[in-house]
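In what follows, a single structure is set out as structure tokens and then discussed.
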Amino acid sequence: MAATLKRHDIRATFFLANEKTVRGDYSLDPSWAAFWKARVAEGHAFGSHTFDHVYFTGDGPHGTIGVKPQFGPAAGQRARWTPAQYCAEIKRVDARFAELTGHHLDPIWRAPGGKVSGRTIAAAHNCGYAHVGWAPAGFSGDELSSSAFPNAVLLKKSLENLRDGDVFMAHMGIWSRRDPWAPANLEPLIAGLEKKGFCFATLREHPGFGKGSTINVTK
């Protein structure tokens, strides 16, 4: 995916969590420092996806937030956190990324599964992070069954439906999908959108979040 983006001179926005990789380690382990340093040098943007890929399960009593981490020592266990604990989980990614690359994240985050509430958004806002979702047409479908939603179908949908300013979201890998969306669909998606006159930018340039990914596409 990184090679494809570089070949097309595209900067994207990476939302990072410490997730298990096909190498058997985790994506924010020291073994990935060179990879992330290279992406920083290429000018990509970076946000938090919570360190342990923590799913929001619902607002709890007394201002608490229901959570269920996917990774880490509490993986699969439900808990209730204070807003401060939730904020700290978002910021853990920034601390590790700075250790690996010498650079900090952009002040944005994306909740695993896109599941949020006013309480989680407020908790993150209070520690300096704006939540970023994706456009309806920007859902790549790469988490769906590849037998029911083959790559060709997902590619056709994206090329037909994406519009100016849409935020497009795809994962760098989904364990459950037998025919991976990426990188197979990324090249034809980019090429097809370029033929339609689209260009690409990070969320730093998006008027809703940056100075003015996921990938923000504009025409």
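- Classification of Arg7 and Asp9 as a salt-bridged pair fails, no side-chain N sitting under 4.0 Å from a carboxylate O.
- A single hydrophobic cluster is seen to contain both Met172 and Leu105, as judged by linkage of ILVMFWY side chains at heavy-atom distances under 4.5 Å, directly or through other members.
- In the hydrophobic clustering of ILVMFWY residues, with side-chain heavy atoms under 4.5 Å counting as a link, Trp32 and Phe15 come out together.
- Not a single donor-acceptor pair under 3.5 Å links the side chain of Arg92 to the backbone N or O of Ala88.
- Between Asp106 and Arg204 there is a salt bridge, since at least one side-chain N of the basic residue sits less than 4.0 Å from a carboxylate O of the acidic one.
- The minimum heavy-atom distance between Lys37 and Leu100, with the atom names listed, is CE-O, 2.9 Å.
- By the rule that hydrophobic residues join a cluster once side-chain heavy atoms approach within less than 4.5 Å of another member, Phe56 and Phe71 end up as members of separate clusters.
- The minimum heavy-atom distance between Pro73 and Asp52, with the atom names listed, is CD-OD2, 4.5 Å.
- Judged purely by atom type and a 3.5 angstrom limit, Arg119 uses its side chain to pair as donor or acceptor with the backbone of Thr64.
- Inter-residue side-chain proximity for Thr50 and Gln70 is flagged as unmet; no heavy-atom pair is nearer than 4.5 Å.
- Crowding of Tyr55 atom OH: a count of heavy atoms from other residues, nucleotides or ligands under 6.0 Å exceeding 12.
- Contact check for Ile190 versus Phe198: no side-chain heavy atoms found under the 4.5 Å cut-off.
- Trp175 places a side-chain heavy atom less than 4.5 Å from the side chain of Val22.
- Atom-to-atom distance recorded for Phe46:CZ and Ile108:CD1 is 10.5 Å, nearest 0.5 angstrom.
- Taking the six-membered ring for Trp and thresholds of 30 and 60 degrees, Phe209 and His206 have ring planes inclined between 30 and 60 degrees apart.
- Rounded to the nearest 0.5 angstrom, Leu154 CG and Ser140 OG are separated by 7.0 Å.
- Within a 6.0 Å radius of CZ in Arg23, more than 12 heavy atoms belonging to other residues, nucleotides or ligands are found.
- The structure places OG of Ser158 at 7.5 Å from CG of Asn185, a figure rounded to the nearest 0.5 Å.
- Note that CZ of Arg96 and CG of Leu16 are 11.5 Å apart. Values are rounded to the nearest 0.5 Å.
- Side chains of Trp81 and Glu89 form a contact here, defined as non-hydrogen atoms less than 4.5 Å apart.
- Judged by distance alone, the side chain of Asn18 and the main-chain N or O of Leu28 form a donor-acceptor pair under 3.5 Å.
- The backbone N or O of Val116 sits nowhere less than 3.5 Å from a side-chain atom of Thr120 that would complete a donor-acceptor pair.
- Across all their heavy atoms, Leu5 and Ala12 have their closest contact at CD1-CB, 4.0 Å.
- Looking only at distances, a side-chain donor or acceptor of Ser27 sits under 3.5 Å from a matching main-chain atom of Glu19.
- Between Ala45 and Thr202, the closest heavy-atom pair is CB-CB, 3.7 Å.
- Summarising the geometry, atom CG belonging to Asp59 is positioned 11.0 Å from atom CZ belonging to Arg80; distances are rounded to the nearest 0.5 Å.
- Follow the hydrophobic side-chain contacts under 4.5 Å out from Leu193 and you never reach Val153; the two are in separate clusters.
- Asp142 places none of its side-chain heavy atoms less than 4.5 Å from the side chain of Asn151.
- Taking a 6.0 Å sphere around NE2 of His131, one finds it holds more than 12 heavy atoms contributed by other residues, nucleotides or ligands.
- Checked by atom type and distance alone, the side chain of Lys157 pairs as donor or acceptor with a backbone atom of Phe139 at under 3.5 Å.
- Both Leu159 and Ile10 are assigned to one and the same hydrophobic cluster, defined by single-linkage of ILVMFWY side chains at heavy-atom distances under 4.5 Å.
- With a 4.5 Å cut-off on side-chain heavy atoms, Leu186 and Trp181 count as touching.
- Side-chain atoms of Ile90 and Val54, non-hydrogen and from C-beta on, never get closer than 4.5 Å to each other.
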Discussion item. One pair to check against side chain to side chain contact (heavy atoms under 4.5 Å, CB included): Phe14 and Trp36. What are the steps and the verdict?
Written reply: CA-CA 10 Å; Phe14 291 85; Trp36 294 122; 4.1 Å; yes

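- In this structure, His8 places its NE2 atom where more than 12 heavy-atom neighbours from other residues, nucleotides or ligands lie under 6.0 Å away.
- If you take NZ on Lys68 and OG1 on Thr57, they are separated by 9.0 Å, rounding to the nearest 0.5 Å.
- Of all non-hydrogen atoms in Arg11 and Gly43, the two that sit nearest each other are CG-O, 2.9 Å.
- Within the 4.5 Å cutoff, the side chain of Arg110 has heavy atoms near those of the Trp134 side chain.
- Contact between Glu143 and Ile174 at its shortest, heavy atoms only, is CG-CD1, 3.7 Å.
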